[in-house]
Amino acid sequence: MSEELNPFAIAQQQLDQAAEIMGLDAATHELLRWPMYELHVTFPVRMDDGTTQVFHGFRVQYNGARGPTKGGLRFHPNETIDTVRALAAWMTWKTAVVDIPLGGGKGGVVCNPKELSAQELERLSRAYIRHVARVLGPDLDVPAPDVATNPQIMSWMVDEYETIVGRHAPGVITGKPIPLGGSAGRGPATGIGTIVTIREALKRLDIEPQGTSVAIQGFGNVAQSAAINYVNMLGGVVMCVACWDHQDRTSYTYAKQGGIDPHFLASIADAYGSIDKEAAIQAGYEVQDGDAWLSFDADVLIPAAIENVITGQTVGQISPQVKILAEAANGPTTPEADQVLQERGIYVIPDFLCNAGGVTVSYFEQVQNTYGYYWDEETIFERLDKKMTSAFHAVHDMSQKYQVHNRMGAYIVAVARVAEACKLRGWV
Ligand code: NAD
């Protein structure tokens, strides 16, 4: 991976810039540039045909000054220690920016879950937990679903962990199904949080949300909820969504005159967020190149798939009509592209603010697990909205105060909170 696209190098550069603007002392800066702990695991899994396959995985605990480390688990063939480190760093800033008492962590297994049977996936999930259980716990480090992991996988994992420790410990993993102590509203939370930040950005830009248009990359957990709620909460139009096709290993953009129907497309998408191309064509959808979503004449763009999609090479494709880039995915924009977005005056809602809705409801799930008392969906969404709205305005105001763009504003808010906790603990 080139240094330009290495997400951890990008995460460090972003921190370096914030540290300089804030005048952060050298020791705190160096402490926050690196994960405090990381575990690399290699483990065997028995396959259905009787052979053994060896998998590699990671768990990174970036910084726990503000509370137990928290962050998702990804099953992805291109996972590397540097993607996991970067995501763990962003989790640290994310929990801090929404001001919940947690640190940041992340995990991953290098695998292609699409090539595994359900039984192999279960054995892999349980084996991973057996190898990382020693560093997990509700008051230590708490995983959750992320790319290609889901509530069923979380169920196997919590069961394996509870078998190891010999007691119930539902707060060890969030994103569980409701019968195992999951929270109402966790599924759509990240997408809803994204729409709350877009709603507040539109207010600050003095734009009526009704009738605004959006182009979205991705059609998995986050993107489906963002698409549905762009229509439901803002009265806007979703012009297109783009997703990866596992069959022919290519990505496509799905568009329709007058806007797509997110409920319909969700009904013909698989569990990994791949749309059935033939069914979409039959329903009158226009199928374009996978990158086409980026050049639509939309008011808002939501990258909600993978990292490094808006780069020095692709940023020029963004239409002059775009006013807001809402980074629902983690790390979708490279620093080179970021510079261009700033010059063009596009209002960026940075990833660790924009997609913090998921971890916020994960935190609510942990609180409910601790109490053994569960809130209804309405209460969850109300509290989520309040957290996201206040985080959004804290970042906007900080950006204005320092005369910096929003990504730096978000870093300054988050890093100041983490640095204060490190200082209070006497670490620096
Ligand atoms: P997911 O696995 O449910 O969906 C991923 C989607 O991206 C799928 O539709 C897939 O087809 C699409 N995709 C993958 N590669 C693509 C490509 N090259 N071109 C176009 N589409 C492509 O994942 P998710 O949970 O929705 O997560 C999406 C992003 O949001 C990730 O960056 C993740 O880290 C971030 N995120 C997720 C959560 C959460 O609660 N799930 C929380 C915060 C951030």
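Just so you know, ligand 1 is whichever comes first in the structure, and atom 1 is the first atom listed for that ligand. Start at 1 with the first residue, then count along the sequence.
- Listed by chain and number, the residues in a salt bridge (charged side-chain N to carboxylate O under 4.0 Å, His left out) with Arg123 are Asp48 (sequence neighbours excluded).
- Here the two rings, on Phe8 and Trp34, have centers that are under 6.0 Å apart.
- Checked against the 6.0 Å centroid criterion, the rings of Tyr62 and Tyr37 do not qualify as a close aromatic pair.
- Pairs passing the side-chain hydrogen bond (donor to acceptor under 3.5 Å, both in side chains) check and including a residue from residues 315-327, sequence neighbours excluded, read Asp297-Ser319, Asp299-Gln321, Asp299-Lys323, Glu327-Thr333, Glu327-Arg407.
- Using cut-offs of 30° and 60° for the angle between ring planes, the Tyr254 and Tyr252 rings count as perpendicular.
- Residues with a heavy atom under 4.0 Å from ligand 1: Arg74, Lys94, Asp146, Val147, Ala148, Arg186, Thr190, Gln217, Gly218, Phe219, Gly220, Asn221, Val222, Ala242, Cys243, Trp244, Ser251, Tyr272, Gly273, Ala304, Ala305, Ile306, Ala328, Ala329, Asn330, Asn355.
- Residue pairs meeting the side-chain hydrogen bond (donor to acceptor under 3.5 Å, both in side chains) criterion with at least one member in residues 216-225, sequence neighbours excluded, are Ser225-Asn229.
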